[in-house]
Amino acid sequence: MATERYNPREVEPRWQKQWTEDKIFETQNDDPREKYYVLEMFPYPSGRIHMGHVRNYAMGDVVARFKRARGYNVLHPMGWDAFGMPAENAAMKNKIHPKNWTYENIATMRGQLKSMGLSLDWSREFATCDVEYYQHQQALFIDMMEKGLVYRKNSKVNWDPVDMTVLANEQVIDGRGWRSGALVEQRELTQWFFKITDFAQDLLDQLDHLDQWPEKVRLMQRNWIGRSEGLTLRWAVVAETAPTGIDEISVYTTRPDTLFGASFLAISADHPAAKAAAEKDPAIAAFCEECQHAGTSLAALETAEKKGMDTGIRVTHPFDDNWQVPVYIANFVLMDYGTGAIFGCPSGDQRDLDFANKYELPIVPVVLPTGMSEDAFTVTTEAYAGDGTMINSRFLNGLDTETAFQTVADKLSSTLLNGAPQAERKVNFRLRDWGISRQRYWGCPIPVIHCEVCGVVPVPKKDLPVKLPDDVTFDVPGNPLDRHPTWRHVGCPQCGKPARRETDTMDTFVDSSWYYTRFTAPWETQPTDVAAANAWLPVDQYIGGIEHAILHLLYSRFFTRAMRETGHVGLAEPFKGLFTQGMVVHETYSRGEGAQREWIEPAQIRIEEIDGKRRALLLDGGDEVAIGAIEKMSKSKKNVVDPDDIIASYGADTARFFVLSDSPPDRDVIWTEAGVEGAHRFVQRVWRLVSESAEQMMSVVSNPAKEGEALALSRAAHRTLMQVQGDYERLAFNKAVARIYELVNALAQPLTTIAAGKADQAMVEAGKNAVEILLHIIAPMTPHLAEECWRVLGNSGLIAQATWPSYDESLVAENEITLPVQINGKKRADLTIARDAGQSQIEEAVLALDSVKAALDGKAPRKIIVVPQRIVNVVV
RNA sequence: GCGGACGUGGCGAAACUGGUAGACGCAAGAGACUUAAAAUCUCUCGGGCUUGGCUCAUACGGGUUCGAUCCCCGUCGUCCGCACCA
């Protein structure tokens, strides 16, 4: 009867081997059962998995195993988001080829994931840097080109003159390249763009129907798309002030109602009128230059002074030919939003007001806040941007802002200027088209050829893939594809003359925008097997970090739409359910101050409590170090715990169980050594209780008790089964864990009695039934432990393939309930009564209680409130 | 600046979204077993008091309600997203 301690180092690999040999997680597309697609955001192969991965994949695995037990045909695949800059950085630093670096990392991380015992279908695995994958991405690109969803245009980019590359905005820190530290220049380059703005309205509208997404994410996307309704309004330039070729300036406004409050126009330094004015006036040219070199960093934007310069240009007010308005170049006007020009109404916009005060422009209040008198209302330093009644606005006076908006829009839409309507209603989006050109080697080559005669020619599909050449060097900065001796030279597919390949590669976000579709038929010779994609998609449950709330998820939503337009899938929304998990965080330890500060790894520390205060001491030498803030695990703060170490010392089940317990899954979880030990104690306890009693239970039938001593045990098991089932459906893993602890606590006594051979037949049968339920509900979280316990109970099959048990209704429902009894809203007593007792029966019983009698003191109660199955409140 | 979320014991958190506040875990304390330690088991564990009971307590101040951690108004604090978007 005495059993050994549970040894995960021996047990876990054994079951992993069995699962692999039996191929039980390999999913068939022709399986007739109802489908369920669960997916965790695939990892970037940076080198080793971290605790964030463990948490992410543990959650997905619980869902996959649970749904499988519930009878679904579950698709749970894994792959690698394998293109990107770190591989090239490693190449430059360590003289290793990006391809080797990447595939070596994948091999390492695959092994690590396998040691977690995840129920993944490894037969569908791929990496985005596999030619077999990116060739299809190139085909998609060509199809999208044909549908007009791809185009080229000149665009301003952040250019790092040292690394000789374009940088993303996130890679520019305080105006300098994040790697080189060089001052970043603004350069105009011809870049490839995806027309995501074609779908702006639909991407916005469909957010309302994504009801299994976190509200937070939907809101972030809504803001990012940034829809606004307004007017483009053309202002005639006063002829004698006009630069060459400029006879009107078009502005975008969401507040045409405030048109009579206009005191200036402001245009971007990149606006054609500004450029024209600059040609004539060196001072203006100098100002434009200054605007263009202004820092793009957050700090620079925050503190940047609003600056402007009068161009000398004057425009005529749309409603008054005798009213001239000055045109300024302003450093805060963006060329790529609206028309690159605005009209300023100082009384209604704080920024316009600051500008007007600085350059002594008129401030005319035009909107009177409701409930204020016109005499008392002035605008000096604080603008009023709200709604109200129009004043100082001629024919608009007395109208509300909304009516005034429509009046102005109607009038100017039917007024002609230079032969066209002076204004047009216009919906604008903040969302910009997606620039995908990257001047990098380690990415998917953009499959086009530049021919001097034919222009831009897509690579014919029969010539795909455009493979990355292997023989590249990284000893000098810049894009190795650009300086490759032969790769870029190619014959034009149309005219046959010498031409050159596009050397830009695609943004890695393109790779991750459709991988979930590829998983549905990774063997297919086309990008997708449409039938398979339509059958599996949408992903029922997608799980990943909140950091992808906007870009990855929005790009994927766009891509599915683009793939629908090109006939590769039949739906628009790829992810039905989305869950954003919290991070794994850890205390930080350090010694020293300021620049001398040295961060210390948790593995080198032991925690002791001295005089009631937690202290961190170095293992080596025992010096005390400072305990710092709890932060996201990061290499720089050294507060990382390596999953390999945890799995080696405690096993995968303990690691999985711990990251799922304690914190709600969408919140951060604090990694502590004590917490892990707690999880490990649980694993050991379950093993001990089950293995010690298994021999007694092995030969009996599993049977819940309906009466007698064992009833409580059966009730606890079946109630827990019902609750945990609900918790898993809602991804409330922490609650499931709490209830499982409760059940194990309830099982401890009976199982000990059974193990000692002192229990009667009914108890042993009920015990076996309860243990089986326990194993089923822990199996998704701690699959190896469940499998091992399942075996010692005498089962020959795998619990990973067993069907989820159903709970017995009669054991879940209580015949008698205990109602709390309140007097004036404060709990004073309990009342145990039949579950189906009627209102009057309950009232009678309540009035008979001693404490109620005492409180009433012979008087009748004012009111008795009975909430069925909940509570009774007596109002005295 | 705009938008959003959150605030409950020493700590992570529960409370079926208006019905017994603190389940479960961690930490701590006491005890049992042991030559000893580990492991295991039992008990205590928000504050106060006149302690078999009463009372206060869910950031703070109000309100609605028979009843508020939950709804409403205000204040403070923390975190997140966007950020010159016209």
Side-chain angles (χ1 to χ4, degrees), chain A residues 5 214-217 219-224 226-228 230-231 251-255 258 265-266 268 294 298 301-302 304-306 330-334 336-345 348-352 354-355 385 428-432 546-547 549-550 607 609 612-614 630 658 661-664 666-670 672-679 681-682 684-685 688 723 726 732 734-745 748-749 752 818-830 861-876:
Chain A
R5 256 174 90 76
E215 187 50 47
K216 179 185 168 75
V217 174
L219 190 73
M220 280 163 72
Q221 293 214 352
R222 222 168 262 138
N223 292 339
W224 185 264
R227 185 183 196 273
S228 73
L231 215 59
V251 304
Y252 176 71
T253 177
T254 56
R255 294 296 301 272
T258 65
L265 256 58
S268 161
L298 288 182
L301 282 179
E302 242 167 50
E305 202 185 342
K306 308 286 174 270
N331 64 349
F332 58 85
V333 180
L334 305 172
D336 58 355
Y337 184 78
T339 62
I342 60 165
F343 82 76
C345 172
D349 183 287
Q350 191 60 44
R351 199 186 44 205
D352 293 348
D354 296 343
F355 194 82
N428 240 319
F429 294 95
R430 210 191 72 104
L431 181 70
R432 305 296 149 80
I546 185 76
E547 67 273 20
I550 298 175
I607 300 290
E609 191 154 310
K613 204 177 163 231
R614 289 182 74 244
I630 298 171
F658 176 65
S661 58
D662 271 351
S663 288
D666 52 346
R667 247 185 258 177
D668 291 351
V669 65
I670 304 172
T672 62
E673 193 67 16
V676 179
E677 275 163 15
R681 267 201 296 278
F682 167 82
Q684 291 293 350
R685 189 174 190 219
R688 192 169 3 90
Q723 290 170 327
N734 59 321
K735 292 184 206 172
V737 167
R739 295 193 221 278
I740 288 169
Y741 269 116
E742 259 178 301
L743 177 59
V744 172
N745 287 344
Q749 246 317 304
T752 308
T818 301
L819 289 175
V821 176
Q822 295 182 329
I823 295 167
N824 289 338
K826 300 216 160 161
K827 194 203 161 195
R828 283 297 121 96
D830 283 314
R862 277 211 288 165
K863 207 190 222 178
I864 300 179
I865 294 150
V866 179
V867 184
Q869 316 297 321
R870 278 287 147 77
I871 204 166
V872 181
N873 191 12
V874 181
V875 187
V876 179

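Protein chains get the first letters and strands the later ones, always in sequence-line order, with residue 1 at the start of each.
- Considering only side-chain atoms of A:Arg430, the nucleotide from B:A86, B:A83, B:C24 that sits closest is B:A83.
- Regarding A:Trp224, its CH2 atom lies at a distance of 19 Å from the P atom of B:G3, rounded to whole Å.
- Separation of the C1' atoms belonging to B:C73 and B:A27 is 40 Å when rounded to the nearest angstrom.
- More than 12 heavy atoms of other residues, nucleotides or ligands sit less than 6.0 Å from atom CZ of A:Arg222.
- Residue-level contact check: A:Val669 touches neither bases nor backbone, having no heavy atom under 4.0 Å from any strand.
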Tabulate protein N/O versus nucleotide N/O from nucleotides 51-58 of chain B, keeping only pairs under 3.5 Å, one per line.
residue: B:U55; atom: OP2; partner: A:Arg828; partner atom: NH2; Å: 3.0
residue: B:C56; atom: OP2; partner: A:Lys826; partner atom: NZ; Å: 3.4

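- Taken to the nearest 0.5 Å, the NZ atom of A:Lys216 stands 5.5 Å off from the CD1 atom of A:Ile546.
- Atom CG of A:Asp662 and atom OG1 of A:Thr672 lie 7.5 Å apart (nearest 0.5 Å).
- At the heavy-atom level, A:Arg862 lies nowhere under 4.0 Å from the strands shown.
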Between protein and nucleotides 78-81 of chain B, what N or O pairs are separated by less than 3.5 Å?
residue: B:C80; atom: O2'; partner: A:Lys216; partner atom: NZ; Å: 3.3

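- Atoms CZ and CG, from A:Arg351 and A:Asp354 in turn, are 9.5 Å apart once rounded to the nearest 0.5 Å.
- Comparing the C1' positions of B:U8 and B:G77 gives an interatomic distance of 15 Å, to the nearest angstrom.
- Separating the P atom of B:C16 from that of B:U55 is a span of 25 Å, rounded to the nearest Å.
- The interatomic distance linking A:Ile740 (CD1) with B:A23 (C1') rounds to 15 Å, in whole Å.
- Nucleotide B:G9 carries a syn base; the chi torsion (O4'-C1'-N9-C4 or O4'-C1'-N1-C2) is within 90° of 0.
- Among the atoms of the strands shown, only primed sugar atoms or phosphate atoms (P, OP1, OP2) are found under 4.0 Å from some heavy atom of A:Ser663.
- The CG-P distance, from A:Leu334 to B:A83, rounds to 11 Å in whole Å.
- The side chain of A:Ser661 places no N or O atom within less than 4.0 Å of a non-bridging phosphate oxygen (OP1 or OP2) of B:C24.
- Atom CG in A:Asp354 sits about 11 Å away from atom C1' in B:C84, given to the nearest Å.
- Put simply, A:Tyr252 has no side-chain N or O that comes within less than 4.0 Å of OP1 or OP2 on B:A86.
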Evaluate A:Phe682 against A:Ile740 for side chain to side chain contact (heavy atoms under 4.5 Å, CB included), listing each step before the verdict. CA-CA 10 Å; A:Phe682 167 82; A:Ile740 288 169; 3.6 Å; yes

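- A:Ser228 and A:Tyr252 are linked by a side-chain donor-acceptor pair at a separation below 3.5 angstrom, with hydrogens and angles left out of the test.
- A:Gln221 places a side-chain N or O within donor-acceptor distance of the main-chain N or O of A:Ala549, the cut-off being under 3.5 Å.
- Remark: A:Arg5 CZ to A:Arg688 CZ distance equals 8.5 Å, nearest 0.5 Å.
- Applying the 4.0 Å criterion to OP1 and OP2 of B:C24, one finds that A:Asn734 has every side-chain N and O outside that range.
- Residue-level contact check: A:Asp349 touches neither bases nor backbone, having no heavy atom under 4.0 Å from any strand.
- Between the P atom of B:C2 and the CZ atom of A:Arg227 lies a distance of 23 Å, rounded to the nearest Å.
- Going from atom NZ of A:Lys306 over to atom P of B:A83 covers 15 Å, rounded to whole Å.
- With P as the reference atom, B:A5 and B:A28 are 38 Å apart, rounded to whole Å.
- Nucleotides B:U64 and B:C72 place their C1' atoms 7 Å apart, quoted to the nearest Å.
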Read 5' to 3' with Watson-Crick or G-U pairs under 3.5 Å, [ ] for crossing pairs and | for partners on another strand, RNA chain B gives (((((((..(((......[....))).(((((.......))))).((((...))))..(((((..]....))))))))))))....

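- For the P atom pair drawn from B:A57 and B:G62, the interatomic distance equals 11 Å after rounding to whole Å.
- Protein atom CD of A:Gln723 is 16 Å distant from nucleotide atom P of B:A23, rounded to whole Å.
- Only the C1' atoms considered, B:A21 is 11 Å distant from B:G46, to the nearest whole Å.
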Enumerate the protein-to-nucleotides 25-30 of chain B contacts in which both atoms are nitrogen or oxygen and the separation is below 3.5 Å.
residue: B:G25; atom: OP1; partner: A:Asn745; partner atom: ND2; Å: 3.3
residue: B:C26; atom: OP1; partner: A:Arg681; partner atom: NH2; Å: 2.7

Working note: A:Ile670 + A:Asp668, criterion side chain to side chain contact (heavy atoms under 4.5 Å, CB included); need CA distance, chi angles, decisive distance, verdict. CA-CA 7 Å; A:Ile670 304 172; A:Asp668 291 351; 6.0 Å; no

Grab the N/O contacts between the protein and nucleotides 64-72 of chain B below 3.5 Å, and write none if there aren't any.
residue: B:C66; atom: O2'; partner: A:Asn873; partner atom: ND2; Å: 3.3
residue: B:C66; atom: O2; partner: A:Asn873; partner atom: ND2; Å: 2.4

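- Taking NZ of A:Lys306 as the reference point, atom CZ of A:Phe355 lies at 11.0 Å (rounded to 0.5 Å).
- Across the interface with RNA chain B, nearest-nucleotide mapping of A:Arg667 and A:Ile871 shows A:Arg667 to be the residue nearer the 5′ end.
- Between the CD1 atom of A:Ile342 and the CZ atom of A:Phe332 there is a distance of 4.5 Å, given to the nearest 0.5 Å.
- If you take atom C1' in B:C11 and the same atom in B:G22, they sit 13 Å apart, rounded to whole Å.
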Heteroatom pairs (N/O) under 3.5 angstrom, protein to nucleotides 15-18 of chain B:
residue: B:A15; atom: OP1; partner: A:Lys735; partner atom: NZ; Å: 2.7
residue: B:C16; atom: N3; partner: A:Arg870; partner atom: NH2; Å: 2.8
residue: B:C16; atom: N4; partner: A:Arg870; partner atom: NE; Å: 3.0

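- Taking atom CD on A:Glu673 and atom C1' on B:G12, their separation rounds to 16 Å, with Å as the unit.
- Among the candidates A:Ile823, A:Ile865, A:Leu819, the single residue satisfying the side-chain contact (heavy atoms from CB on, under 4.5 Å) test with A:Val872 is A:Leu819.
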